[in-house]
Amino acid sequence: MSTNQELKSDVLMEQMKQHLSSDAGKQLVKKINLVYQINIAPKKLGFNEVVYTVDLKKGEVTKGPYEGGKPDATFSFKDDDFVKVALGKMNPQIAFMRGAMKIKGSLSAAQKFTPDIFPKPSKM
């Protein structure tokens with residue numbers, strides 16, 4: 001059995017990668033200009049997390065921790081909760097208050113990480 005399981009979030013991150021190379025994505029990069037690290041756990045926060053770096057300075061999404069110092073904000077989610085927040089089905093503030101989303105780093109940077117930065121779910 002492979003331990004590298006597919007996360008629903010992997011599809012979203014792939015879409016985000018493509019979105020950031022579009023004109024709308026390039027506008028976001030200019031507007032936000034921050035780096036986020038997102039830790040996504042299959043079932044329980046802190047266990048078997050897959051780490052993504054969403055670099056909105058360079059307009060890149062990469063798998064793995066941020067290597068250019070400290071990210072502006074780091075989020076931790078369970079896979080299902082990340083998908084709900086990304087698709088706008090769960091309010092990020094509510095996710096945070098319920099403990100479905102943990103944040104480290106700058107709260108002002110974290111507040112700029114909204115569902116608007118995700119591509120609209122046209123193909124989901």
Side-chain angles (χ1 to χ4, degrees):
M1 191 173 114
S2 158
T3 55
N4 193 4
Q5 55 207 16
E6 274 292 303
L7 296 173
K8 295 176 203 142
S9 306
D10 290 336
V11 175
L12 281 171
M13 288 301 191
E14 196 50 49
Q15 287 180 346
M16 181 183 267
K17 200 181 285 187
Q18 292 165 7
H19 178 59
L20 288 177
S21 63
S22 73
D23 289 342
K26 288 178 180 136
Q27 293 302 317
L28 277 172
V29 171
K30 280 185 193 149
K31 185 172 119 185
I32 297 176
N33 199 32
L34 296 166
V35 177
Y36 298 104
Q37 184 171 302
I38 303 174
N39 304 332
I40 301 171
K43 298 277 177 238
K44 189 171 180 200
L45 289 179
F47 293 90
N48 303 322
E49 289 180 331
V50 175
V51 177
Y52 282 96
T53 299
V54 177
D55 187 332
L56 294 177
K57 288 182 177 177
K58 294 182 188 166
E60 298 175 341
V61 177
T62 52
K63 216 169 197 173
Y66 182 54
E67 293 176 359
K70 281 182 122 173
D72 294 295
T74 299
F75 297 92
S76 297
F77 290 95
K78 285 191 300 201
D79 190 32
D80 288 342
D81 293 331
F82 177 74
V83 170
K84 286 178 195 164
V85 169
L87 296 178
K89 293 184 176 155
M90 184 190 296
N91 179 305
Q93 285 87 1
I94 290 171
F96 179 72
M97 288 188 287
R98 287 186 182 158
M101 171 173 74
K102 304 261 188 264
I103 301 172
K104 283 187 196 142
S106 161
L107 278 178
S108 64
Q111 288 169 334
K112 292 182 178 147
F113 191 81
T114 65
D116 302 344
I117 69 174
F118 293 94
K120 295 297 161 251
S122 55
K123 299 184 273 298
M124 293 195 70

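Throughout, residue positions are numbered sequentially from 1 according to the sequence presented. What's counted below: heavy atoms across the whole structure, side chains too, no hydrogens, waters or symmetry copies.
One N or O on the side chain of E49 and one on the backbone of G46 form a donor-acceptor pair closer than 3.5 Å. The closest donor-acceptor contact from the side chain of D72 to the backbone of V35 lies under 3.5 Å. No donor-acceptor pair closer than 3.5 Å links the side chain of D55 to the backbone N or O of E60. Proximity of a side-chain donor or acceptor of S106 to a complementary backbone N or O of A73 within less than 3.5 Å is not detected.
Both I32 and Y52 sit in one connected hydrophobic cluster of ILVMFWY residues. Membership requires side-chain heavy atoms under 4.5 Å apart, directly or through other members. Tracing side-chain contacts under 4.5 Å through hydrophobic residues (I, L, V, M, F, W, Y), one never reaches L20 starting from Y66; they form parts of separate clusters. Residues F96 and F113 share a single hydrophobic cluster, defined by chaining ILVMFWY side chains whose heavy atoms lie under 4.5 Å apart. Linking Ile, Leu, Val, Met, Phe, Trp and Tyr whenever their side-chain heavy atoms come within less than 4.5 Å puts L107 and V85 in one cluster. Linking ILVMFWY residues whenever their side-chain heavy atoms come closer than 4.5 Å, directly or via other members, leaves L45 and V83 in distinct clusters.
Legend: salt bridge (Lys or Arg N to Asp or Glu O under 4.0 Å) pairs involving residues 89-103, not counting sequence neighbours: none detected.
One finds the CE atom of M16 at 7.0 Å from the NE2 atom of H19 (value rounded to the nearest 0.5 Å). In this structure, CG in L7 is found 9.5 Å from CG in N48, a value given to the nearest 0.5 Å. Here the OG atom belonging to S9 is positioned 12.0 Å from the NZ atom belonging to K78, to the nearest 0.5 angstrom. The line from CD of Q93 to CD of Q111 is 7.5 Å long, rounded to the nearest 0.5 Å.
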message: Using side chain to side chain contact (heavy atoms under 4.5 Å, CB included), reason through D81 and M101 one step at a time and then give a plain yes or no.
response: CA-CA 8 Å; D81 293 331; M101 171 173 74; over 6 Å; no
message: One pair to check against side chain to side chain contact (heavy atoms under 4.5 Å, CB included): T53 and E67. What are the steps and the verdict?
response: CA-CA 9 Å; T53 299; E67 293 176 359; over 6 Å; no
message: Between D10 and I40, does the side chain to side chain contact (heavy atoms under 4.5 Å, CB included) criterion hold? Intermediate values first, please.
response: CA-CA 9 Å; D10 290 336; I40 301 171; over 6 Å; no
query: So K112 and L56, side chain to side chain contact (heavy atoms under 4.5 Å, CB included) or not? Walk me through it.
result: CA-CA 11 Å; K112 292 182 178 147; L56 294 177; over 6 Å; no
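Listed here is the closest heavy atom pair of P42 and D79: O-CB, 4.1 Å. In terms of heavy atoms, A100 sits closest to M90 at CB-SD, 4.4 Å. Here the shortest heavy-atom pairing between A41 and F47 reads CB-O, 3.6 Å.
Exactly one of K43, K44, K8 qualifies for a salt bridge (Lys or Arg N to Asp or Glu O under 4.0 Å) with D80. That residue is K8.
Ring planes of F82 and F77: perpendicular class, angle over 60° (limits at 30 and 60°).
I38 is listed as a side-chain neighbour of M13, based on a closest heavy-atom distance under 4.5 Å.
Summarising the local packing, NZ of K57 is surrounded by more than 12 heavy atoms from other residues, nucleotides or ligands at distances under 6.0 Å.
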